[in-house]
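Structure, as structure tokens:
A note on names: the letters A, B, ... follow the listed sequences, proteins ahead of strands, and every chain is numbered from 1.
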There are 2 protein chains.
Amino acid sequence: MAKKQTSREKFRIPETEAQRKKRLETIDKIEQLAKEVVEDIKKDQAPYLTVPLRGKSNAYHHPETNIIMPGDKVIKRRYMNVSHTKKFAQMLAVAQACKDDLLRENLHATIRDLYYMLLNIKVPGQKEAIVNDQKESNVISEDLEVALGVLREDLNLQADKKGSVVGNVVIESQGDEINWSKLGSGGWAIPSITDDVHFKSIDADFVLYVEKNAVWERLHEDRIWKDMNCILIATQGQSTRGARRLLHRFSNEFKLPIYVFTDADPWGWYIYSVLKYGSYALPHTSEQLATPTANFVGLTLTDVVNYGLEDIALKQKPVDIARAKEMLSYPVFQSPRWQTELKMSINKGIKAELQSLAKKRLTFISEEYIPEKLEKRDFLD
Amino acid sequence: MAKKQTSREKFRIPETEAQRKKRLETIDKIEQLAKEVVEDIKKDQAPYLTVPLRGKSNAYHHPETNIIMPGDKVIKRRYMNVSHTKKFAQMLAVAQACKDDLLRENLHATIRDLYYMLLNIKVPGQKEAIVNDQKESNVISEDLEVALGVLREDLNLQADKKGSVVGNVVIESQGDEINWSKLGSGGWAIPSITDDVHFKSIDADFVLYVEKNAVWERLHEDRIWKDMNCILIATQGQSTRGARRLLHRFSNEFKLPIYVFTDADPWGWYIYSVLKYGSYALPHTSEQLATPTANFVGLTLTDVVNYGLEDIALKQKPVDIARAKEMLSYPVFQSPRWQTELKMSINKGIKAELQSLAKKRLTFISEEYIPEKLEKRDFLD
């Protein structure tokens, strides 16, 4: 009896030649990594894997590219070193799952799925499972990214799906042609992976990224993207990788200016800094996820004072102030204006939300605040 | 000099006749409420506002409609009662803001915006501001909803925007025609208010609501909505009002069955119960937000045992167990099967995520779990 066709087989998602090429290349990279291990064993040598060291001790702000880049320290993860053996095995298990279960099948999984897929699997003859905790498989999938020199998206691993976008843009995604200017009140829901989005036409002078969905809805109702001819995009809180890849591509492929608009508090400003420079935690992703040309439009505490909103500002919590103090020493916040903002945040002990501009008038943000900021090119860098 | 045209004036969002009628009716209701106050004053009587009492003490599960309905207790909020005066003034201030700033202008605001709009406004000659804290304006806007017999959406107040939807559905939203089956990997981003969505055509046998975006992406990649001819919808965590209104409308206007699919833990099950029955906190919204025909498809702890996933289940935290114990006494969880689930949750001390089905196979959820559950009509009610 013929095997029942699955819905994925019936309704196959089209794959472009470029996507297919990238996928096969990643499979090759994983096979190459495995081959080296096999060859070591054949030569009676103890196998090892070379993994670039991750984290703050091996990352720095690169003055020319203006992004946070990885350093050149590596570790050799050796099978015969008792303290490495488990991680060595985990790395091969993650690599195999990505290759066989995801890339070969062209299926995508979250790192949570990956954890469940690997859970309780044992090497034959061993008592201990290879993976017991999601922290283990998360760390290892990041190690695998850097060891192979790919992004997790290339391993078909996806992160959060959040946010929406509108603008005079026509894209092709999975064989569908989508016009971002014809999506009513909702907009296009940004998927977790946006690498496969093909831009068919873009008629926009810049991109406006806002931190909050509620502000996106305000600006969309005011049709700011039509009036100012821009692309309007929001996730909620910390940006997703899908949204960051979009910004990166708008900047790199289409040379569009990117303007970022967050709350006036250390957390909002940090969201901006990650969008622009990348992060010390994942410096190897900066080249593909960061957008060093991004400019910060607002909100600042200077705005709060200038627009007479100080009396409705919120009080900082101790955790906010501690965060601002930490950020004072970050290389990416060393400009005089950022130092002023961080010090105001600490000394005045206030913060303010984008929505506080509604105190002036609900549409003040779209009719005055943003147009004025952009006209004056009043950016914090 | 002519006043500069705003972008909203240039790019006016089309309003249907039905929307306009509803908006003018709500304005009338607010004016009627205000007129009664004015007439009392003219007659030298102390004015008061009649507000239905909200909360658990005035809500009950109605056996015939199968939703949580409000009782008939009301309070009279009197201007001349010192303990009522502030709330009386707040209610008029909120009513005026909704009427003049939102409904007349056809602008929408969040309850956060409304708070900022009202902040620090004083009655002439008074020292104390009418609103000092968002809790105050939130409570009052809910009071206003019930006093007028409308939803906050009718007052142009919007809540969270989250989630996405796909399916063989064509809608019209703000003058755009949107085909939910042609939106690539992303889907349509669900707006905070979906009352104005006009359904042009629906070719679907049922609606599948999933708790998590990651599961939505799994099922969308597997094209379950094409294979099973359904509408696939997710928010993340607790459902938004926009999504609940969609489910309500699919059930009421189009008689589509609604199948709900959450994690196997008290929080997921509670999300289902709010979708189905409404909540004791806002019983006056149930008639328009609840979907009493909804069925629970999973995940259950019985599934976890039956599918051999018990060894990868997560441990409950004390707060999870406490929640399960509370829910044991909820009228909507009195069926033997729900009692069994809640007791398993308490006694076994385990919970499980939808993603744990990936342990069997990444596509197990779309190829076996959901089709089998639906074929057997294995629902918990």
Side-chain angles (χ1 to χ4, degrees), chain A residues 6-8 10-11 13 101-102 107-110 112-113 116-117 119-120 158 160-164 171-178 182-193 196-197 213-214 216-218 221-224 226-228 236 311-312 353 355-356 358-359 362-363 366-367, chain B residues 6-8 10-11 13 101-102 107-110 112-113 116-117 119-120 158 160-164 171-178 182-193 196-197 213-214 216-218 221-224 226-228 236 311-312 353 355-356 358-359 362-363 366-367:
Chain A
T6 67
S7 66
R8 293 195 70 247
K10 269 186 276 181
F11 306 104
I13 296 169
D101 298 328
L102 304 185
L107 282 169
H108 293 79
T110 61
R112 191 80 182 146
D113 292 327
Y116 281 116
M117 288 159 66
L119 197 58
N120 290 358
Q158 64 201 17
D160 280 358
K161 177 191 197 300
K162 270 197 309 190
S164 33
I171 65 160
E172 196 175 293
S173 165
Q174 299 189 341
D176 296 333
E177 188 173 297
I178 304 154
K182 299 281 181 199
L183 291 170
S185 55
W188 193 55
I190 301 169
S192 57
I193 296 184
D196 60 342
V197 168
N213 287 336
W216 186 95
E217 287 206 293
R218 165 84 273 116
E221 183 166 76
D222 295 344
R223 291 297 186 265
I224 197 171
K226 275 196 178 182
D227 197 38
M228 304 193 78
Q236 175 79 18
D311 63 328
I312 65 161
E353 294 180 297
Q355 288 101 315
S356 65
K359 176 68 190 161
L362 196 54
T363 55
S366 50
E367 289 169 8
Chain B
T6 67
S7 66
R8 293 194 70 248
K10 269 186 275 183
F11 307 103
I13 296 169
D101 298 327
L102 304 185
L107 282 170
H108 293 79
T110 61
R112 190 79 182 147
D113 292 326
Y116 281 117
M117 288 159 67
L119 197 58
N120 290 356
Q158 63 202 17
D160 279 358
K161 176 191 197 298
K162 268 198 309 190
S164 33
I171 65 160
E172 196 175 293
S173 165
Q174 299 189 341
D176 297 333
E177 187 172 298
I178 304 154
K182 299 281 181 197
L183 292 171
S185 54
W188 193 54
I190 301 169
S192 57
I193 297 184
D196 61 341
V197 168
N213 286 336
W216 185 95
E217 286 207 294
R218 165 83 273 117
E221 182 166 77
D222 295 344
R223 292 296 187 266
I224 198 171
K226 276 196 177 183
D227 197 38
M228 304 194 78
Q236 175 77 21
D311 62 329
I312 64 160
E353 294 180 298
Q355 288 101 314
S356 65
K359 176 68 189 161
L362 196 54
T363 55
S366 50
E367 290 169 8

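In this structure, chain A has heavy atoms under 4.5 Å from both the backbone and the side chain of B:E221. In this structure, the portion of B:I13 lying under 4.5 Å from any heavy atom of chain A is its side chain and not its backbone. Both the backbone and the side chain of A:S185 come within contact range of chain B, judged by heavy atoms closer than 4.5 Å. Looking at A:T363, only its side chain comes within 4.5 Å of chain B, counting heavy atoms on both sides.
Residues A:L362 and B:L102 meet the side-chain proximity criterion, which asks for heavy atoms closer than 4.5 Å. A 4.5 Å side-chain heavy-atom check between B:D222 and A:L107 finds at least one atom pair inside the cut-off.
Interface summary for chain B: among A:D196, A:I193, A:I190, A:D176, the most heavy-atom pairs under 4.5 angstrom belong to A:D176. Ranked by heavy-atom pairs under 4.5 Å with chain A, the list B:Q158, B:K162, B:Q236 is led by B:Q158. When A:V197, A:T110, A:I224, A:L119 are compared by the number of non-hydrogen pairs under 4.5 Å with chain B, A:L119 comes out ahead. Most heavy-atom pairs under 4.5 Å with chain B: of the set A:E172, A:E177, A:R218, this distinction falls to A:R218. In terms of heavy-atom pairs under 4.5 angstrom with chain A, the leader among B:G163, B:S7, B:A214 is B:S7.
Annotation for A:G187 and B:W188: closest pair O-CD1, 3.4 Å, computed over non-hydrogen atoms. Here the closest heavy-atom approach between residue B:K226 and residue A:F11 is recorded as CD-CD2, 3.4 Å. Listed here is the closest heavy atom pair of B:K161 and A:G186: NZ-O, 3.1 Å. Closest heavy-atom contact between B:Q355 and A:D113: CG-OD1, 3.3 Å.
Interatomic distance, CG of A:L183 versus CD1 of B:I171, reported as 9.0 Å (0.5 Å rounding). B:T6 contributes atom OG1, which lies 4.5 Å from atom CD of A:E367 (distance to the nearest 0.5 angstrom).
For the 3.5 Å distance criterion, the side chains of B:N213 and A:D160 fail to qualify, holding no donor opposite an acceptor. For the residue pair B:E217 and A:S192, a side-chain donor N or O sits within less than 3.5 Å of a side-chain acceptor on the partner.
Under the salt bridge (Lys or Arg N to Asp or Glu O under 4.0 Å) criterion, A:E353 pairs with A:K212, B:R112, sequence neighbours left out.
Using modelled atom types, no side-chain atom of A:S164 and backbone atom of B:A189 make a donor-acceptor pair closer than 3.5 Å. With hydrogens and angles ignored, the 3.5 Å screen pairs no side-chain donor or acceptor of B:R223 with any backbone N or O of A:K10.
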